[in-house]
Amino acid sequence: MNKFRLQFDEHSCWGCKSCEVACRLENKIPEGIKCLEIMEDGPKMVDGKLDFIYRARVCRHCDDPPCLVVCPAEAIIKREDGIVVLNYAECSGCGSCISACPYEAISLDEAEGIARKCNLCSHRVDHGLYPACADNICLGHCIYFGPADKIDEMIRDKPWLKERINQAQRDLTRQLNRK
Amino acid sequence: MYEFKYANVQREMEVYGYDEMIKSHCRMCHGGCGVYVYVKDGKVAKIQGDPECPINHGTLCSKGLASAELAYHPDRLTYPIRKVGSKKSGKWERITWDEAFDTIAEHILDYKDKFGPESIVFGYGTGRENEAVIYRIANLLGSPNTLTAGHFCYGPRISTSIITMGTNPIIEYENFPKCIVMWGNNVTISNPDCYKGEPFSVALDAGAKLIVVDPRLTRPAARADIWLPLRPGTDAALAYGMLNVIINEKLYDSDFVDNYTFGWDQFIKRVNDYPLERVEEITWIPKQKIAEAARLFATTKPAAIQWGVAIEQQINCADNDRLLMFLMGLTGNIDAPGGQVLYRTPPIVNVGQFGAHAMLPREQSAKRLGGDRFRLASRFAILQPKAVWDAIIDEKPYPVKMLFFISSNPVSTRANAKEVYRALEKVEFMANADFFLTPSAELADIVLPAATWLEMDYIGDFWKRHGYILPRRKVVQIGECRSDHEMLNDLGKRIGQGEFWWDTFEDALDYILQPMGITWKDFKHMDYVRGDIKHYKYKEFGFSTPTRKFELWSTTLEKMGYDPLPQHREVPESPISTPELYKEYPYILITGARQPGFFHSENRQVKTLRALHHDPVVQIHPDTAAQEGINENDWVIIESPRGKVRQRASYFAGMDPRIVAAQHAWWFPEKNGPEHGWDESNINILTDNAYEGLDPAMGASNIRTLLCKIYPETTGVKNE
């Protein structure tokens, strides 16, 4: 079975927060927490130059999830397709996973007394729908979802961009030929 | 295994059980993005971008995505209300639309009779696609006074581009400019009229060189090939510096210059008043960098300038716009593929015609408030707000008795907020139309419940200059809300303008489309219509200016008694223009960097969007913070000679330590009415609108750059 991966090409992120909103609306995330957060990194000196970039704080669906290992309720599973799902119904709210996550990707929902994280919109993926953040909302086209072994190539080659450039050339040619 | 497809309508409908999907056209900002709206049980359930729309290519911002939360917000006005008791009672009673209209109409006719139609001021805030009907009703009434943001936002681009080259040049991102200058905006966060961030981002990914002019290191500035962190307010000097290089190194398009410009010889003389040494001193940018940017821009083809409002909210508004256009023109990028194109709208009744400007009698036009002083603005039916506040407060040159503001919250968004508040408190009668009771609406006598973009049929982008018109299809009816267009169509008939309005507003949409030979019902089935594109039209037809040339020397400005060539002017409060003031207010305050999720003062009550920024934030350099004893996240006081406000400090090392960057348009819906904390963090408490400091041609005020001091809230004393 193919493994899925969600990847943010942070270089191309503009910090517009559209993806945060798409995630919140789709997953009805309670006020006060975020399963996906776009964070400012900088401005600060990097290699002698002042730099500023946005970073996505979100679950990486690790190959070997530290959160899964420490969960006493076995509420976290890693699916065959690579998605790591935190089952909210099974969660006891102990918070062990929150401490274990090296990416600070898990949050405590105090109102419900459970932990929450990005479950890669598995409820959408299982029906062949893109995760909410990855469904082409991003104006920088920087959120990639697809087969794990193809993602790096997709980010490097940007087939969507090639098609856009080709289409533009076709349109311009057609327009000039009309004269 | 499923095949994944973006915006998979069929599957979304199956999986979520939506009843239907309606294509429409969002208007959470100036509008423009094509969207799919999913409906379930008669309510809007989900909104996503339309991948086929050539404007946004399926992408959608936080505001568009969250539109339903605005539409169904519990605090939303869903029926007309009338003030009970005094202006600031904060008490309202429900009335019917008929009662509301009868009262408003009665006041209009009464004031018209006793004080003349000029005593009634209509208005809107930033462009919300209601300009056509608002100007129409005002012009037909005989009032020359429609108060908009046009004196310092987009209106200047329209006015100066018309007098320079006939219309507003729009970047042709679809043909991939190879060098882009981002100047006075951040198109990835906000929406300079006629632009969206997605095409800019794509052009950059396709390999365009990027030059960013911005005092702060935004993400675009960090990605830029060249970042020009100019001293705030020195845009004209910088432009002249670049022009100096382009002209003296002969990097300009000599065919364009020789055959299609007017005023070249006088213009070069002026350019040579700005040698790089002088420009470096004024702008704080090293001259090698200015030269590098000029050469890159002038020698890369095609090239374009992504311009925006920040250069217009200063004393040099009109000249800043003109100089950027000169950079576009002299490098041969006007009407070039991938450059900046003078698009044509499809054949429709355009916004100027619909606005009935020709119906305003000349003697009424001559009474336009501030018209004698701000003559370029007045030529385009634009007012300076202070002229209206003075006419209310001092009743000079004549009294303004009534305001009717639609989609406008001027106490938050106009210069010298205390003066604005005084005027709104004093005016004898005010009607408002809005989604919520903003601090401005709270001072009204009647407030009408306005429809959001989800609740109206309209011809979207009909007023823009990018050549597209798109259908906005009504999805739902919420409460008794009505679109601005329907409201004024009704009101117009009650104040004697019956022959100029229609039975229903759909008839008006038919009227607008009629030159194309289609009706609204036909247009509803289309995705969009775009005007014919022809590049380099000027080679055949010249430019639509008095000389038929691209006017460097503006014959229009000359006739109006202004300097026909642009110049650099110091902003009224700066280390150079007011060195004494600078001793007491030792920081340059810049304001108004746009924030995702907000649109000026809108959306503070929409939880999902407020979650992006809970508090007003002022950015200060860590060195400055150390000097002033300010810790990250402290509430601090920012103060100018006009007053003081509080915002939360955030360290930001990406700008000169002499600069402090505050946010604008903050008010707090969660705080009690009628004030809702309107003056607590409102940066316009600090800004000024004195006539002497305004742009002489357009009346733009300097809300973007002034001087301030900053200190922790707790002590109130700096350097402790």
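Just so it is clear: chains get the letters A, B, ... in the order the sequence lines come, proteins before strands, and each one is counted from 1. Bear in mind that the values here come from a model prediction, so they are computed numbers and not experimental data.
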- Bottom line for B:Y6: the part with an atom under 4.5 Å from chain A's heavy atoms is both
- Item | Contacting moiety of B:R223, where chain A heavy atoms sit under 4.5 Å | side chain
- Message: Let's go through A:L172 and B:H535 carefully: what are the C-alpha distance in whole Å and the side-chain angles of both, what is the deciding distance for side chain to side chain contact (heavy atoms under 4.5 Å, CB included) to 0.1 Å, and is it a yes or a no?
- Response: CA-CA 11 Å; A:L172 185 61; B:H535 296 103; 4.1 Å; yes
- Which value, rounded to the nearest 0.5 Å, describes the distance between B:E69 atom CD and A:L25 atom CG? 6.5 Å
- Query: Would a 4.5 Å heavy-atom cut-off, applied to side chains only, mark B:D205 and A:S12 as touching?
  - Reply: yes
- Message: Less than 4.0 angstrom from a charged side-chain N to a carboxylate O is my criterion; do A:E40 and B:R219 meet it?
- Response: no
- When rounded to the nearest 0.5 Å, the distance separating NE2 of A:H127 from CZ of B:R11 is 10.0 Å
- Message: Strictly distance-based, threshold 3.5 Å: is any side-chain N or O of A:D135 a donor or acceptor partner for the main-chain N or O of B:A7?
- Response: yes
- Minimum side-chain heavy-atom gap B:V202-A:H141 below 4.5 Å: yes
- Query: When rounded to the nearest 0.5 angstrom, what distance separates CH2 in A:W14 from CG in B:N186?
  - Reply: 8.0 Å
- Query: What is the distance from atom CZ of B:F4 to atom CZ of A:R124, rounded to the nearest 0.5 Å?
  - Reply: 10.0 Å
- Query: So which part of B:I47 gets closer than 4.5 Å to some heavy atom of chain A, the side chain, the backbone, both or neither?
  - Reply: neither
- Message: Once rounded to the nearest 0.5 Å, what's the spacing between atom NZ of B:K63 and atom NZ of A:K17?
- Response: 13.0 Å
- Note on the structure: Heaviest contributor of heavy-atom pairs below 4.5 Å to chain B, chosen from A:K44, A:K158, A:E26, is A:E26
- Item | Gap between atom CG of B:N56 and atom CD1 of A:I137 - 0.5 Å precision | 12.0 Å
- When heavy-atom pairs shorter than 4.5 Å are enumerated against chain B, which of A:K34, A:H11, A:Q169 gives the highest number? A:H11
- Message: Using only atom types and a distance under 3.5 Å, with no angle test, would you say the side chain of A:S18 pairs donor to acceptor with the backbone of B:S62?
- Response: yes
- Against chain A, label B:T218 side chain, backbone, both or neither, depending on which of its atoms sit under 4.5 Å from a heavy atom there. backbone
- Query: Backbone N or O of B:H57 within a donor-acceptor pair of the A:N136 side chain at under 3.5 Å?
  - Reply: yes
- Where does B:L217 contact chain A at under 4.5 Å (heavy atoms): side chain, backbone, both or neither? both
- Atom CD of B:E670: over 12 foreign heavy atoms under 6.0 Å: yes
- Message: Need one label for B:E174: side chain, backbone, both or neither, based on atoms under 4.5 Å from any heavy atom in chain A.
- Response: backbone
- Item | Validation row: B:N8, A:Y130 side chains within 4.5 angstrom (heavy atoms) | no
- Query: Between B:K5 and chain A, which part of the residue has a heavy atom less than 4.5 Å away: side chain, backbone, both or neither?
  - Reply: backbone
